[in-house]
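Following: one structure in structure tokens, then a few remarks.
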Amino acid sequence: MTDKQLYELAERVGKALKAKSMMMASAESCTGGWIAQAVTAVPGSSAWFERGFVTYTYISKREMLGVKPETLEQFGAVSEQTVREMAQGAIERSHAQVSVAVSGTAGPSGGTPQKPVGTVCIAWAGPDSEVASETQLFSGNREAVRRQAVARALEGVLARLQPAVTKFA
């Protein structure tokens, strides 16, 4: 996904949030604030982007987002359990109604057989207190993995804000 495509995706997320009078927060680990950067590149994003948390360490995940120590010990930072708690923590510690959380192994090192380089966990929390999550395995170098994670995170926010469209043949 190109910078232009990321910008257009962020713009669409902003329009959807604004239409619902909602604010979004991000909780980021492997993307290092790239989600926040992508959305704040859009003029007027202060109307719909409330804040971003960059929580790269276990300590910051616990202190800033309330991730439980036992979650990190049992499942690790790169887990759906952890990103679900990050997404919920971002809602609880902001004025946003929608959040997205990302944690992964972007490489080039740090992968394991269970969680190889390119493994990224993403979670979304919304106004109904429901949290959804998924794990992706992205390919490419560090920048490519991070770029794909940002795109998927924003696509997930957009999917949760827009009603499903039924197509008839």
- Worked verdict on Leu154 versus Val100 for side-chain contact (heavy atoms from CB on, under 4.5 Å): CA-CA 8 Å; Leu154 291 175; Val100 60; 5.7 Å; no

- Message: I need the minimum non-hydrogen distance between Cys30 and Arg146, along with the two atoms involved.
- Response: O-NE, 2.9 Å

- Note on the structure: By side-chain contact (heavy atoms from CB on, under 4.5 Å), Glu92 pairs with (sequence neighbours left out) Gln88

- Message: Do Val67 and Val54 land in one hydrophobic cluster if side-chain heavy atoms of ILVMFWY residues count as linked below 4.5 Å?
- Response: no

- Non-hydrogen side-chain atoms of Met1 and Leu9 separated by less than 4.5 Å: yes

- Message: I'd like to know if the side chain of Glu28 reaches the main chain of Gly52, judged simply by a donor and an acceptor atom lying under 3.5 Å from each other, with no hydrogens or angles considered.
- Response: no

- Item | Contact summary for Ala10 and Ala38, nearest pair of heavy atoms | CB-O, 3.5 Å

- Query: Would a 4.5 Å heavy-atom cut-off, applied to side chains only, mark Arg152 and Gln136 as touching?
  - Reply: yes

- Message: Is there a continuous path of hydrophobic side-chain contacts, each under 4.5 Å between heavy atoms, that joins Ile35 to Phe138?
- Response: yes

- Query: Are the side chain of Thr82 and the backbone N or O of Leu72 linked by a donor-acceptor pair below 3.5 Å?
  - Reply: no

- Query: Counting distance only, does the side-chain N/O of Arg142 pair as donor-acceptor with the main-chain N or O of Ala106 below 3.5 Å?
  - Reply: no

- Query: Counting only heavy atoms not in Leu137, do more than 12 sit closer than 6.0 Å to its CG atom?
  - Reply: yes

- Indicate, with yes or no, if Val120 and Val117 share a hydrophobic cluster defined by side-chain heavy-atom contacts under 4.5 Å among Ile, Leu, Val, Met, Phe, Trp and Tyr. no

- Considering only heavy atoms from C-beta outward, does the side chain of Met23 approach that of Gln97 to under 4.5 Å? yes

- Could you tell me whether the side chain of Gln74 reaches within less than 4.5 Å of the side chain of Ser79, counting heavy atoms only? no

- Task: Determine yes or no for a side-chain-to-main-chain donor-acceptor pair under 3.5 angstrom, with Glu50 supplying the side chain and Ala25 the backbone.
- Result: no

- Task: Would you check if the side chain of Lys61 reaches a backbone N or O of Ala77 as a donor-acceptor pair within less than 3.5 Å?
- Result: no

- Query: Looking only at heavy atoms, which two atoms of Ala149 and Val102 are closest? And how far apart?
  - Reply: CB-CG1, 4.2 Å

- Heavy-atom side-chain contact between Leu17 and Phe49 under 4.5 Å: no

- Can you find a pair of side-chain heavy atoms, one from Trp34 and one from Leu6, that are under 4.5 Å apart? yes

- Query: Leu161 and Tyr7: same hydrophobic cluster, using ILVMFWY side-chain contacts below 4.5 Å?
  - Reply: yes

- Query: Are the charged groups of Arg147 and Glu143 less than 4.0 angstrom apart, N to O?
  - Reply: yes

- Using a 4.5 Å cut-off on heavy atoms from C-beta on, say whether the side chain of Lys68 contacts that of Glu85. yes

- Query: Taking 4.0 angstrom as the limit, do Glu8 and Arg12 come out as a salt bridge?
  - Reply: no

- Given the rule in the side-chain contact (heavy atoms from CB on, under 4.5 Å) test, do Trp124 and Val98 qualify, once you have shown the distances and angles that lead to the verdict? CA-CA 7 Å; Trp124 300 268; Val98 175; over 6 Å; no

